[in-house]
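Contents: one structure, followed by commentary.
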Amino acid sequence: MSCLPLIYRSLGIALGAALLCGPVGADLTVVSEIETKGPGVRQDGRQTTYIKGLKMRVDDPESKTATILDLEARQLITLNLRKERAEIVDLGQLAEQQTGMSTDAVEVSVTPTGTTDTVAGESCEIHDVDVRIAADATGEQTQALGFDMLLDGTMCLVNDVEGSEDYRRFYIEMAERGLFFGPPESAEAQPGKERGFTKLYSEIAGKGMAYRSDLDVSFDGSGFVARMLKKFSIETSTEVVSVDSGALADELFQIPAEFDTRSP
């Protein structure tokens with residue numbers, strides 16, 4: 001089914017970045033292990049997230065790609081490291097096209113369990129997570145193609161660590177600007193989903209920094225695509241491996257001069 005690859009990629013990027021990024025205003029490098037299992041798909045590997053000011057970069061060695069989010073420029077840049085190509089998406093323009101779309105239908109429940117664990121040397125509190133990201137609120141195809149995305153599982157949240165306030169500020173600002181960190185084609189196909197993820201992680205960020213997540217993803221709805229997707233489910237796990245606060249070069253968040261640059 002054509003929308004499943006978009007969902008896998010969206011989850012991989014959104015979870016890998018949103019759960020693992022850290023302080024804005026300080027340089028940070030976070031290495032994480034990500035595992036995604038679904039119908040006919042199993043993806044295991046490491047992602048590296050870099051933070052410098054209001055810029056974030058996520059490297060995926062398996063796909064030989066890097067994704068850069070620049071909040072100030074309102075740009076999402078995808079680097080194909082194998083083909084030396086760069087694709088720039090104007091997120092400001094995309095956000096303006098979605099101004100009539102509400103994210104109020106995103107229901108988020110994050111409840112502390114009273115138990116703790118240690119991840120990457122930090123003590124974290126385990127929370128039960130129950131989320132419903134509703135089908136897009138607008139669009140003629142919603143009834144036929146729309147579906148709700150359900151996330152259920154746990155997150156281990158760290159509070160009162162260096163950079164936690166900047167972490168929260170990053171996601172609040174991203175949500176206020178109507179921006180997102182995910183594949184552009186997913187935003188075009190299901191824009192409410194990407195904005196829903198943005199709202200989800202901005203709300204979670206208010207409770208702490210997630211050092212580990214274990215989520216089951218399923219789908220609900222009455223449309224044709226929803227009925228097909230009910231047969232599928234996705235298990236995704238993300239865990240911080242290491243954190244480094246060493247200075248990062250500005251060039252890491254720029255398009256290399258030898259790359260062919262284009263817009264979608």
So, using side chain to side chain contact (heavy atoms under 4.5 Å, CB included) as the criterion, who are the partners of [X] when residues are at least two apart?
{"X": "Thr111", "answer": "Ser109"}
{"X": "Lys64", "answer": "Arg82"}
{"X": "Thr113", "answer": "Thr115, Ile126, Asp128"}
{"X": "Thr29", "answer": "Thr48, Tyr50, Asp244, Leu248"}

Residue list, side-chain hydrogen bond (donor to acceptor under 3.5 Å, both in side chains) with [X], at least two apart or on another chain:
{"X": "Ser242", "answer": "none"}
{"X": "Asp117", "answer": "Arg212"}
{"X": "Arg85", "answer": "none"}

Once salt bridge (Lys or Arg N to Asp or Glu O under 4.0 Å) is applied, do any residues pair with [X], and if so which ones, sequence neighbours excluded?
{"X": "Asp60", "result": "none"}
{"X": "Glu62", "result": "none"}
{"X": "Asp44", "result": "Arg42"}
{"X": "Asp216", "result": "none"}

Indicate every side-chain donor-acceptor pair of residues 249-259 with a distance under 3.5 Å to a residue at least two apart or in another chain.
none

